[in-house]
Amino acid sequence: MSENEQKSKDFIREIIDHDLETGKHDHIHTRFPPEPNGYLHIGHAKSICLNFGIAEEYDGLCNLRFDDTNPSKEEMEYVDSIKEDIHWLGFDWDDRLYFASDYFQQMYDYALELVKKGKAYVDDSSAEEISAYRGTLTHPGKESPYRNRSVEENLNLIQRMKEGEFKDGEKVLRAKIDMSHPNLNMRDPIMYRILHASHHHTGDKWCIYPSYDWAHGLEDSIEGITHSLCTLEFENHRPLYDWFIDQLDDVYHPQQIEFARLNLSYTIMSKRMLKQLIDEGYVDGWDDPRLPTIKGLRRRGFSPASIRHFCKEIGIAKVNSLIDYAFLEHCVRQDLNKTAPRFMGVLRPLKVVIDNYPEDQVEYMEAVNNPEDESAGTRKIPFSKTLYIERTDFMENPSKKFYRLSLGREVRLRYGYFIRCTDVVKDGDEIVEIHCTYDPETKGGYAPDGRRVKATMHFVSADHAVDAEVRLYNRLFTVEDPAGVKNKKFTDFINSDSKETISHCKIEPNITSLKPYDTFQFERNGYFVIDPDTTSDHLMINRSVALRGKWKNFRHQQKK
RNA sequence: AGCCCCGUGGUGUAGUGGUUAACAUAAGAGACUCUGGAUCUCUAGUCGCCGGUUCGAAUCCGGCCGGGGCUGCCA
């Protein structure tokens with residue numbers, strides 16, 4: 001990867017530079033703190049690239065910390081999946097794998113400290129009562145009748161909460177701050193709730209669990225995080241983050257900095273909506289290639305390098321933005337163009353008979369594997385009397401801008417011969433096959449007399465072709481921001497053409513050397529990847545992204 | 001309505017008081033080409049509005065307008 005050293009820094013890196021210059025810090029330590037309640041998606045990738053990326057750039061460290069404070073939603077399965085996805089993206093946390101739940105005792109001790117200082121109290125109010133007392137955006141809240149219990153009583157109660165004397169929801173521990181604070185988060189926020197649930201990491205050791213606001217700053221503090229990076233919706237929580245840490249004696253105070261989360265056009269990022277798409281059968285699972293999940297992107301054939309590059313290029317800011325899906329595609333093409341080996345694959349085969357080519361002859365033509373990378377070498381491609389070309393490469397009545405094959409016209413078969421179409425065989429309106437003649441002098445695709453042809457087309461020898469099922473994927477939604485349309489459900493905008501499956505595609509035999517998740521280019525068609533469901537007798541291929549093409553754009557415009 | 005955050009080409013990002021406001025992408029045109037790919041060249045397009053400070057404002061100040069977030073015992 002060629003890094004542009006001159007690239008200007010985002011506001012977070014500027015803060016870090018400043019903190020280093022002023023001596024506030026002499027090292028940098030970040031963290032990626034996922035909650036293990038779902039699969040990672042490209043929005044998380046942005047955060048991962050930011051946190052692990054900063055650690056790399058500043059010669060610092062980045063922890064992986066599971067923020068597992070809610071046993072009712074979290075599972076071990078997600079822990080493993082998240083670790084796998086981070087590794088796949090190309091990042092590593094070495095021995096710094098942490099769980100918030102490992103700090104539960106320490107957090108509890110800190111909570112006792114607040115109770116003793118009169119800064120926290122046990123509230124017997126119901127959830128409904130607490131909500132009613134909170135007030136509204138414009139009106140101050142009311143103090144709970146339990147707010148002024150003595151320190152001794154609070155101490156006694158919180159200990160009994162911990163011992164399991166009370167049922168779920170019977171009591172909570174609250175910070176005593178200000179019920180009329182204009183920031184709702186400061187109106188005596190809940191620190192602990194009672195949850196008699198088994199935790200995937202701590203088992204049944206605890207029946208009270210800390211809330212995010214109470215826990216997160218302490219987690220950062222305990223790990224010595226210098227810069228705690230999170231998304232914009234936590235901005236209003238920062239005063240609380242700071243308040244909790246400031247109440248405690250001699251506790252290290254990390255700095256929380258918020259940035260805008262990633263929004264990508266024509267898709268959705270919310271865990272809830274992602275789950276709904278799967279549960280209701282709109283897609284085939286968490287790794288469906290149409291999904292923006294890391295597992296989906298991987299199965300789509302998007303490389304880790306291209307995703308990292310994407311995350312770097314979109315930048316970090318505080319404005320809510322919507323990134324063009326086309327930009328992601330650009331990043332994928334840019335990487336794959338340099339790295340993907342080329343193959344010939346005919347998606348919609350049209351049979352071609354070369355009338356003047358010897359009946360049983362087979363020639364092996366040399367083809368370059370990657371014109372962008374000489375070290376990729378060459379391979380041999382069979383050429384014979386009966387071939388397949390792309391149906392879209394032949395037009396009986398060519399339009400003025402179409403310069404591929406038609407009756408009487410000569411084109412080049414890539415790495416093969418020049419051929420000229422002499423006849424079209426039809427069954428009703430359907431073209432069954434076409435007949436051509438070849439020029440033996442043009443072997444390899446070169447004309448000794450220097451004559452030019454307008455088009456070069458891919459082909460596959462019929463007898464040597466491997467059959468494959470190819471899935472062509474398109475955007476999942478028909479509108480840029482499906483989740484943001486008023487009075488409509490996001491599912492109203494599902495693109496019914498998001499997946500097109502084509503059977504009996506004809507592929508050059510060399511394709512069998514590839515394994516699942518290997519990416520490659522079908523020349524003139526796009527970038528593809530071997531699907532993991534491929535078996536020895538059933539090759540399945542997914543299209544990652546089509547090649548850019550003026551012809552496709554032209555046709556598209558004509559349709560409109 | 002209260003508090004907080006944010007407004008730079010279509011999209012995204014830079015620009016931090018001083019040339020013709022930059023880069024990427026998308027769009028259009030052309031060159032080249034054994035991928036209608038890649039590469040190269042060119043074109044069009046931007047500082048939300050109004051005032052103020054200043055010799056000079058995208059940048060500093062005020063007001064307005066617009067967008068987003070916040071009323072879970074979720075994170």
Side-chain angles (χ1 to χ4, degrees), chain A residues 4 7-10 14 33-35 37 67 69-70 72-74 123 125-127 130-132 134-141 168-174 181-187 189-195 208-209 211-213 215-216 230-239 258 260 265 271 313-327 329-331 333-334 337-338 342 344 367-368 371-372 401-404 411-416 418 444-447 452-458 480 521-527 546-554:
Chain A
N4 186 351
K7 192 170 193 296
S8 60
K9 294 191 173 179
D10 54 70
E14 277 177 2
E35 184 190 9
N37 72 342
D67 202 5
T69 56
N70 187 352
S72 63
K73 308 174 128 185
E74 297 154 5
D123 195 337
S125 307
S126 68
I130 288 176
S131 177
R134 184 152 27 230
T136 67
L137 295 176
T138 47
H139 296 290
D168 286 7
E170 215 175 313
K171 287 178 171 31
V172 288
L173 183 72
R174 291 229 258 169
H181 198 109
N183 181 341
L184 289 286
N185 297 129
M186 300 297 272
R187 318 244 261 228
I190 275 113
M191 295 168 63
Y192 279 96
R193 72 277 210 193
I194 299 171
L195 241 38
I208 57 171
Y209 289 92
S211 64
Y212 171 87
D213 286 312
H216 204 88
C230 62
T231 44
L232 251 27
E233 65 269 28
F234 294 105
E235 222 161 9
N236 292 329
H237 293 248
R238 179 157 29 95
E258 312 84 17
S265 64
K271 279 179 195 172
E313 289 302 311
I314 57 175
I316 300 293
K318 297 191 74 160
V319 261
N320 291 297
S321 59
L322 185 62
I323 311 283
D324 270 348
Y325 190 81
F327 186 66
E329 294 186 322
H330 157 78
C331 292
R333 289 192 190 102
Q334 185 177 262
N337 176 48
K338 301 285 185 213
R342 267 108 241 235
M344 300 223 263
V368 316
E372 303 288 325
K401 292 226 177 188
F402 181 87
Y403 54 77
R404 278 112 90 159
V411 299
R412 169 169 38 230
L413 292 180
R414 191 147 155 92
Y415 306 122
F418 283 18
Y446 299 94
R452 316 280 289 255
V453 286
K454 195 83 171 95
T456 298
M457 301 172 5
H458 60 282
E480 279 198 322
Q521 184 194 102
F522 274 146
E523 297 218 16
R524 306 207 305 134
N525 266 321
Y527 295 99
L547 253 30
R548 294 183 67 224
K550 288 178 184 164
W551 173 246
K552 283 183 194 106
N553 293 341
F554 173 74

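Each chain gets a letter, A, B and so on, in the order the sequences are listed, and its residues count up from 1.
For the pair A:Asp168 CG and B:rC73 P, the computed distance is 14 Å after rounding to whole Å. Whole-Å rounding puts the A:Tyr403 OH to B:rU33 P distance at 13 Å. The distance between atom CZ of A:Arg134 and atom P of B:rC73, rounded to the nearest whole Å, is 4 Å. Distance CD1 (A:Ile314) to C1' (B:rU11): 12 Å, rounded to an integer number of Å. If you measure from atom CE of A:Met191 to atom C1' of B:rA75, you get 17 Å, rounded to the nearest angstrom. With rounding to whole Å, A:His139 atom NE2 is found 12 Å from B:rU71 atom C1'. Taking atom CG on A:Leu184 and atom P on B:rC74, their separation rounds to 17 Å, with Å as the unit. Taking atom NZ on A:Lys318 and atom P on B:rG12, their separation rounds to 18 Å, with Å as the unit.
Across all strands shown, A:Tyr192 has no heavy atoms under 4.0 Å from either base or sugar-phosphate atoms. Contact annotation for A:Ala260: no contact, since no heavy-atom pair falls under 4.0 Å across all strands. As judged by a 4.0 angstrom heavy-atom cut-off over every strand, A:Pro371 is placed among the base-contacting residues.
Ring centroids of A:Tyr212 and A:Phe234 are separated by less than 6.0 Å, placing the two rings close together.
When the nucleotides B:rU25, B:rU35, B:rC3 are ranked by their closest atom to the side chain of A:Pro182, B:rC3 comes out on top.
One finds a side-chain N or O of A:Arg548 lying less than 4.0 angstrom from the OP1 or OP2 phosphate oxygen of B:rA38. Taking 4.0 angstrom as the limit, A:Arg524 places a side-chain polar atom (N or O) nearer than this to OP1 or OP2 of B:rG36. Dashed line: the shortest gap from a side-chain N or O of A:Arg333 to OP1 or OP2 of B:rU25 is not under 4.0 Å.
With hydrogens and angles ignored, a donor-acceptor pair under 3.5 angstrom links the side chain of A:Gln521 to the base of B:rU35. Residue-to-nucleotide contacts include no donor-acceptor pair under 3.5 Å from the side chain of A:Arg187 to the base of B:rU71.
No donor-acceptor contact under 3.5 angstrom links the side chains of A:His181 and A:Arg187, judged on distance only. A:Thr456 and A:Arg412 share a donor-acceptor pair across their side chains, judged by distance under 3.5 Å alone.
Between A:Glu480 and A:Leu322 the shortest side-chain heavy-atom distance falls below 4.5 Å.
We find that A:Lys73 and A:Glu35 are not joined by a salt bridge, their nearest charged nitrogen and carboxylate oxygen being 4.0 Å or further apart.
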